[in-house]
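These notes are about the structure you will find just below.
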Amino acid sequence: MSLLNQKIGIVFGVANKRSIAWAIAQAWKKAGATLVFTYQGERLKENVEELAGTFGEDTLILPCDVTKDEDIARVFAEVAAKHGRLDLLLHSVAFAPKDALEGEFVNTSREAFRVAHDVSAYSLIALARAAVPLMTNGGSIVAMTYYGSEKVVPHYNVMGVAKAALESSTRYLAYDLGQKKIRVNCISAGPVNTLAARGIAGFTDMLKHYEAHSPLKRNVLPDELGATGTFLASDGAAAITGQVIYVDCGYQIMGM
Ligand code: NAP
């Protein structure tokens, strides 16, 4: 039996085949879900159409800059028109200006702080609010986060602060939406070599550090994030909400 049969999902954050969103989308599809994809702008249109096109010719693929309320409204109106409802939402979107991820945190500008929080944290609230009217049978919202939210990871800087806001928003959303049987959880992934990750100074060292110090002595694989994403989307996780699940080969438990 397919875990996500009959489920309709929407995926935010596929940039290319290395994207964590793509790994989770593939796993959701394999488990039987029908998916809608979004991409930020023209630059990624071709990439996403090529990937998502493999899911079937009639797959809905829509532009959406998550900082624009009008984009969000249009996307959910199109989902309503095509599918009439929604069960799953993946938030796999983050951004901070490059200079904010290189220098000292103390030099974070007001604008870099605003942008990082708008794209990476507020967007979860805006997307959840737009999804709720379509989640008439309940639903599962999954957001991607990172350990830099709770401990200092050099160079992660303002993105760590934005991830703390994302994780806290997950808890408040879980409380608000629980009565509607909508669950909201985060996956805290260990480092994965993606476009966004390469924007963080010293990312290659981070991969080596995890390999050396995590209990499993390796880095997480994209397929493993897909499997956890499927679990959180499925009825197996029916009583799990407001949580941050670490999929990081155990790194988070280490003291030194
Ligand atoms: P990715 O492939 O670069 O995905 C990031 C996505 O965010 C891209 O599709 C990007 O589009 C999109 N995005 C940025 N600004 C946007 C906006 N205003 N509107 C809509 N989309 C926007 O990198 P990834 O590593 O898979 O990242 C996915 C999520 O996983 C992020 O939340 C990230 O923080 C989280 N995460 C990653 C790691 C890791 O090591 N890779 C670890 C833990 C958590 P553009 O390319 O157009 O900007």
Side-chain angles (χ1 to χ4, degrees), residues 10-26 37-48 51-52 61-72 74-75 89-98 101 114-124 126-127 141-151 153 155-167 169-170 186-211 214 219-222 224-226 228-229 244-249 251-252:
I10 185 163
V11 174
F12 293 84
V14 176
N16 56 39
K17 66 177 186 337
R18 286 174 182 263
S19 296
I20 291 172
W22 180 238
I24 295 177
Q26 283 178 292
F37 289 87
T38 68
Y39 57 90
Q40 183 185 189
E42 285 303 309
R43 191 170 49 83
L44 291 180
K45 186 170 187 239
E46 219 173 293
N47 263 356
V48 179
L51 291 171
I61 306 169
L62 305 165
C64 183
D65 178 337
V66 297
T67 64
K68 294 189 176 145
D69 289 335
E70 60 277 18
D71 279 20
I72 294 174
R74 188 181 30 74
V75 161
L89 186 154
L90 176 65
H91 178 286
S92 189
V93 167
F95 177 79
K98 197 167 171 43
L101 300 175
R114 186 194 67 74
V115 169
H117 282 71
D118 191 9
V119 178
S120 318
Y122 180 74
S123 57
L124 178 68
L127 295 180
I141 297 175
V142 178
M144 295 306 305
T145 189
Y146 178 61
Y147 181 62
S149 63
E150 60 183 81
K151 296 285 184 203
V153 174
H155 309 301
Y156 202 62
N157 294 0
V158 72
M159 189 51 80
V161 184
K163 290 300 191 192
L166 179 78
E167 291 173 16
S169 300
T170 296
C186 282
I187 294 175
S188 185
V192 179
N193 196 354
T194 63
L195 205 61
R198 284 197 291 268
I200 302 160
F203 178 73
T204 315
D205 293 338
M206 202 188 273
L207 283 173
K208 286 186 197 142
H209 185 82
Y210 270 69
E211 210 175 296
S214 66
N219 280 293
V220 64
L221 301 170
E224 294 168 332
L225 297 171
T228 306
V244 176
I245 312 274
Y246 293 87
V247 186
D248 63 350
C249 298
Y251 184 84
Q252 190 260 352

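The model shown is predicted, which means the values in this text are computed figures rather than measured ones. Whatever order the structure lists ligands and atoms in, that order sets their numbers, starting from 1.
- Remark: of the listed residues E167, K163, E150, E167 is the sole one forming a side-chain hydrogen bond (donor to acceptor under 3.5 Å, both in side chains) with T145.
- Heavy atoms from other residues, nucleotides or ligands lying under 6.0 Å from CD of E70 number more than 12.
- Counting heavy atoms from C-beta on, the side chains of L195 and R18 never come closer than 4.5 Å.
- Polar contact with ligand 1: absent for Y146 (N/O pair, distance under 3.5 Å).
- Each of the atoms 3 (O) of ligand 1 lies under 4.0 Å from some heavy atom of L195.
- Protein heavy atom at the shortest distance from atom 35 (C) of ligand 1 is M144 CB, 3.7 Å.
- Looking only at side-chain heavy atoms (C-beta outward), V66 and H91 stay at 4.5 Å or farther from each other.
- Nearest protein heavy-atom neighbour of atom 31 (C) of ligand 1: A94 CB, 3.7 Å.
- T194 places no side-chain N or O within donor-acceptor distance of the main-chain N or O of S19, the cut-off being under 3.5 Å.
- Contact between S92 and ligand 1 is present, with at least one heavy atom of the residue lying under 4.0 Å from the ligand.
- Near T194, meaning under 4.0 Å from any of its heavy atoms, are these atoms of ligand 1: 23 (O), 24 (P), 25 (O), 26 (O), 41 (N).
- Using cut-offs of 30° and 60° on the angle between ring planes, the pair Y146 and Y210 is tilted.
- Under the 30°/60° scheme for interplanar angles, the aromatic rings of Y246 and Y147 are found to stand perpendicular.
- Taking atom 41 (N) of ligand 1 as the reference point, the nearest protein heavy-atom neighbour is V192 O, 2.9 Å.
- Neither the backbone nor the side chain of N193 comes within contact range of ligand 1; no heavy atom lies under 4.0 Å.
- Scanning the protein for heavy atoms near atom 8 (C) of ligand 1, the closest one is A15 CB, 3.8 Å.
- Counting only non-hydrogen atoms, the option in K68, R18, K17, Q40 that gets closest to atom 45 (P) of ligand 1 is Q40.
- Considering backbone and side-chain atoms alike, A196 places an N or O below 3.5 Å from some N or O of ligand 1.
- Using 4.0 Å as the threshold, M159 has no heavy atom nearer than that to any atom of ligand 1.
- Atoms of ligand 1 found under 4.0 Å from any heavy atom of L44, numbered from 1 in the order shown, are 11 (O), 45 (P), 46 (O), 47 (O).
- Near V119, with a cut-off below 4.0 Å to any heavy atom, the atoms of ligand 1 are 15 (N), 16 (C), 18 (N).
- Those atoms of ligand 1 with a heavy atom of P191 less than 4.0 angstrom away are 40 (O).
- Atom 18 (N) of ligand 1 has its closest protein heavy atom at D65 OD1, 2.9 Å.
- Contact between A165 and H117 at its shortest, heavy atoms only, is CB-CD2, 4.0 Å.
- Using a 4.0 Å cutoff on heavy atoms, G190 counts as a contact of ligand 1.
- If you run side chain to side chain contact (heavy atoms under 4.5 Å, CB included) between D65 and each of D71, I72, V119, T38, only D71 comes through.
- Atom 10 (C) of ligand 1 is not flagged as protein-proximal [any protein heavy atom, distance under 4.0 Å].
- Taking atom 37 (C) of ligand 1 as the reference point, the nearest protein heavy-atom neighbour is I20 CD1, 3.5 Å.
- At a heavy-atom cutoff of 4.0 Å, ligand 1 is contacted by both the backbone and the side chain of V66.
- Ranked by closest heavy atom to atom 47 (O) of ligand 1, the top entry among M206, R43, H91, K163 is R43.
- The single protein non-hydrogen atom nearest to atom 20 (C) of ligand 1 is C64 O, 3.4 Å, given as residue, atom name and distance.
- For the pair F95 and ligand 1, the shortest N or O to N or O distance does not fall below 3.5 Å.
- Taking each of A189, S123, A23 in turn, the one with a heavy atom nearest to atom 42 (C) of ligand 1 proves to be A189.
- In terms of N/O distances under 3.5 Å, ligand 1 is approached by S19.
- When only non-hydrogen protein atoms are considered, atom 12 (C) of ligand 1 lies nearest to V93 CG1, 4.1 Å.
- Proximity of P191 to N219: side-chain heavy atoms (C-beta onward) are separated by under 4.5 Å at one or more points.
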